[in-house]
Amino acid sequence: MSFDTLGLRADILRAVSELGYTQPTPIQQQAIPAVLKGGDLLAGAQTGTGKTAGFTLPILQRLMDNPRTTTGKPVIRVLVLTPTRELAAQVEESIAQYGKYLPLKSMVMFGGVGINPQIDKLRRGVDILVSTPGRLLDHVSQRTVDLSKVEILVLDEADRMLDMGFIRDIRKILALLPKQRQNLLFSATFSNEIKALADGLLNKPALIEVARRNATADTVAQKVYPVDRERKRELLAKLITDHNWYQVLVFTRTKHGANRLAEQLDKQGIPSMAIHGNKSQGARTKALSEFKSGKLQVLVATDIAARGIDINELPHVVNFELPNVAEDYVHRIGRTGRAGCDGEAVSLVCVDELKLLAGIERLIKRSLPKEIVPGFEVDPRIKPEPIQNGRNGPGGRGGQRQGQRQGQRRDGAVRVSADGGGNRRSSGNGNGNSNGQLRRTPA
Ligand code: AMP
């Protein structure tokens, strides 16, 4: 299937083809016609599936098909909400790229940076606004943003927004939008909470779902290196140096662990930086751009900070520590092997994490190959210890909000307890199956 058959304008197709896209991804094949029809949409798709173009291309087409009625400066006709600053920036960048031949203005807003330049830009007029919920509400309270003309609302990574405690902010924003509008909701998982949000928000939505990355991760070579707890850093440095890995995204469980590991690797001569919610926006942007340009060899991230980082063809993902929530493993390795490119995801697993590993293998329905690096044989005398710190708390605005407890997950993802033996639990989420997947039902 080619893009030409989807009913998009020549100036949109030109931008798409200049980006090197030759055919629409499965989510694009389904989402583009559905959004063009003007109805609501509930889509199960993760980052890496091409979902951004899936909603952006038809939105641009619709804006051009139905020019605004007022003359003068643009008004906000499209609002895209995202959970993290990084995702907001990436989505807006994509919109600007796909719309480069159109006379439409887009803008991104998030907290942690000055509000005045945003106010100036809003005043000059914007057609498409991409924002995190918190900063948008800051503008609402200062009356510097007008949402009364919004025609299309997109909630991107809605599950993560709920995970990060943004539900009240989202409800406040929804109350400010015109009742008559098109709503598009994207989520990787479908919990009862997402379903409740979708039920209240969407009107007879088209339902689409594309294969989850755990079903399609065949382009990603996955490997486990068993290693002792205290020797992980040494092994990681060896792997990076021996294999000459560049652009390595390393996951740790905690912000503190991320900082410590990045500092230690850096001292060893492997250029590394940590990225997490406690870092300033400036530091995050700098780390990300240096990583993308290849100047920075290693980026150490926590799960929440890494969500939304989109780097094409990321060759290496390392789980320095396994996540407590098995599904986060799938999110993590979804950072690599994008769009048909090969990637490698390796996990350094110590005796404390064997039960987490078993939970992950159950979730992805396969056993991961294990490789012992000579000189790093596991010492059988070392006994497992309970994993400290639990799951890293939300790294976004406001940290842990609304009484969300450490380790608590509300999206129906499979949870594997760190201490209690890989018990698999899924929520009975009506429309979803035990993987939190969306079941297709007629619209
Ligand atoms: P997303 O899931 O929207 O974050 O997109 C993942 C990556 O795939 C982005 O880097 C896009 O530039 C890229 N991409 C999106 N659509 C296509 C396509 N049809 N062909 C090739 N790459 C694409």
Side-chain angles (χ1 to χ4, degrees), residues 1-8 12-36 41 43-61 78 80-100 106 108 128 130 154-161 184-189 208-217 219-220 247 249 288-289 291-294 301 305-315 317 330-343:
M1 186 187 212
S2 91
F3 274 102
D4 300 352
T5 57
L6 291 169
L8 297 167
I12 296 178
L13 293 176
R14 182 171 162 213
V16 165
S17 121
E18 282 179 8
L19 287 166
Y21 303 178
T22 49
Q23 6 173 343
T25 65
I27 184 106
Q28 291 162 2
Q29 291 176 20
Q30 297 177 66
I32 292 172
V35 177
L36 284 177
L41 176 69
Q46 297 180 351
T47 294
T49 53
K51 69 182 163 68
T52 315
F55 63 78
T56 302
L57 302 179
I59 284 177
L60 293 173
Q61 175 79 32
V78 179
V80 183
L81 291 177
T82 74
T84 62
R85 302 159 183 186
E86 283 80 12
L87 184 62
Q90 281 160 22
V91 168
E92 196 271 336
E93 201 179 306
S94 300
I95 293 174
Q97 282 178 333
Y98 302 141
K100 71 190 267 204
S106 60
V108 63
I128 305 171
V130 184
V154 181
L155 295 184
D156 197 8
E157 298 198 352
D159 51 348
R160 224 8 101 125
M161 282 200 265
L184 315 176
L185 189 153
F186 287 78
S187 187
T189 54
I208 60 178
E209 184 201 2
V210 294
R212 298 168 62 76
R213 290 205 68 91
N214 54 350
T216 60
T219 53
V220 182
Q247 276 197 328
L249 180 60
L288 204 56
S289 74
F291 185 60
K292 280 188 177 183
S293 71
R307 179 86 181 187
I309 294 179
D310 176 34
I311 299 151
N312 268 341
E313 301 165 31
L314 188 59
V317 167
V330 179
H331 287 310
R332 288 179 179 188
I333 71 162
R335 306 281 139 212
T336 185
R338 293 246 167 111
C341 303
D342 289 342

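For ligands, and for the atoms within them, numbers begin at 1 and follow the listed sequence. Quick caveat, the model's predicted, so the values are computed rather than measured.
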Enquirer: How far does CD1 of Ile27 sit from CZ of Phe186, to the nearest 0.5 angstrom?
Expert: 5.5 Å

Enquirer: Could you grab the distance from atom CG of Leu6 to atom CG of Leu57, nearest 0.5 Å is fine?
Expert: 8.5 Å

Enquirer: Do the side chain of Gln29 and the main chain of Met1 share a donor and acceptor less than 3.5 angstrom apart?
Expert: no

Enquirer: With nothing but distance in play, are any N or O atoms of Tyr98 less than 3.5 Å from an N or O of ligand 1?
Expert: no

Enquirer: Counting only heavy atoms, tell me which of Tyr21, Phe55, Phe186 gets closest to atom 22 (N) of ligand 1.
Expert: Tyr21

Enquirer: Within the 4.0 Å heavy-atom shell around Thr49, which atoms of ligand 1 are there?
Expert: 2 (O)

Enquirer: Which ligand 1 atoms are under 4.0 Å away from a heavy-atom of Thr52?
Expert: 1 (P), 3 (O), 4 (O)

Enquirer: Ignoring hydrogens and angles, tell me if any N or O in the side chain of Thr25 forms a donor-acceptor pair with the backbone of Thr49 under 3.5 Å.
Expert: yes

Enquirer: Mind checking the CD1-CD1 spacing from Ile59 to Ile128? Nearest 0.5 Å is all I need.
Expert: 7.0 Å

Enquirer: Give the atoms of ligand 1, by number and element, whose distance to some non-hydrogen atom of Phe3 is under 4.0 Å.
Expert: 19 (N)

Enquirer: Using modelled atom types and a 3.5 Å cut-off, is there a donor and acceptor pairing between side-chain atoms of Glu157 and backbone atoms of Ala188?
Expert: no

Enquirer: Can you confirm, on distance only, whether ligand 1 has an N/O atom lying under 3.5 Å from any N/O atom belonging to Gln28?
Expert: yes

Enquirer: Taking both backbone and side-chain atoms of Ala53, is any N or O found less than 3.5 Å from an N or O belonging to ligand 1?
Expert: no

Enquirer: For Lys51, take its heavy atoms, then give the atoms of ligand 1 lying under 4.0 Å from any of them.
Expert: 1 (P), 2 (O), 3 (O)

Enquirer: Once rounded to the nearest 0.5 Å, what's the spacing between atom CG of Leu8 and atom CG of Leu60?
Expert: 9.0 Å

Enquirer: When you measure from atom 19 (N) of ligand 1 to each heavy atom in Gln23, Glu157, Glu93, which option holds the nearest one?
Expert: Gln23

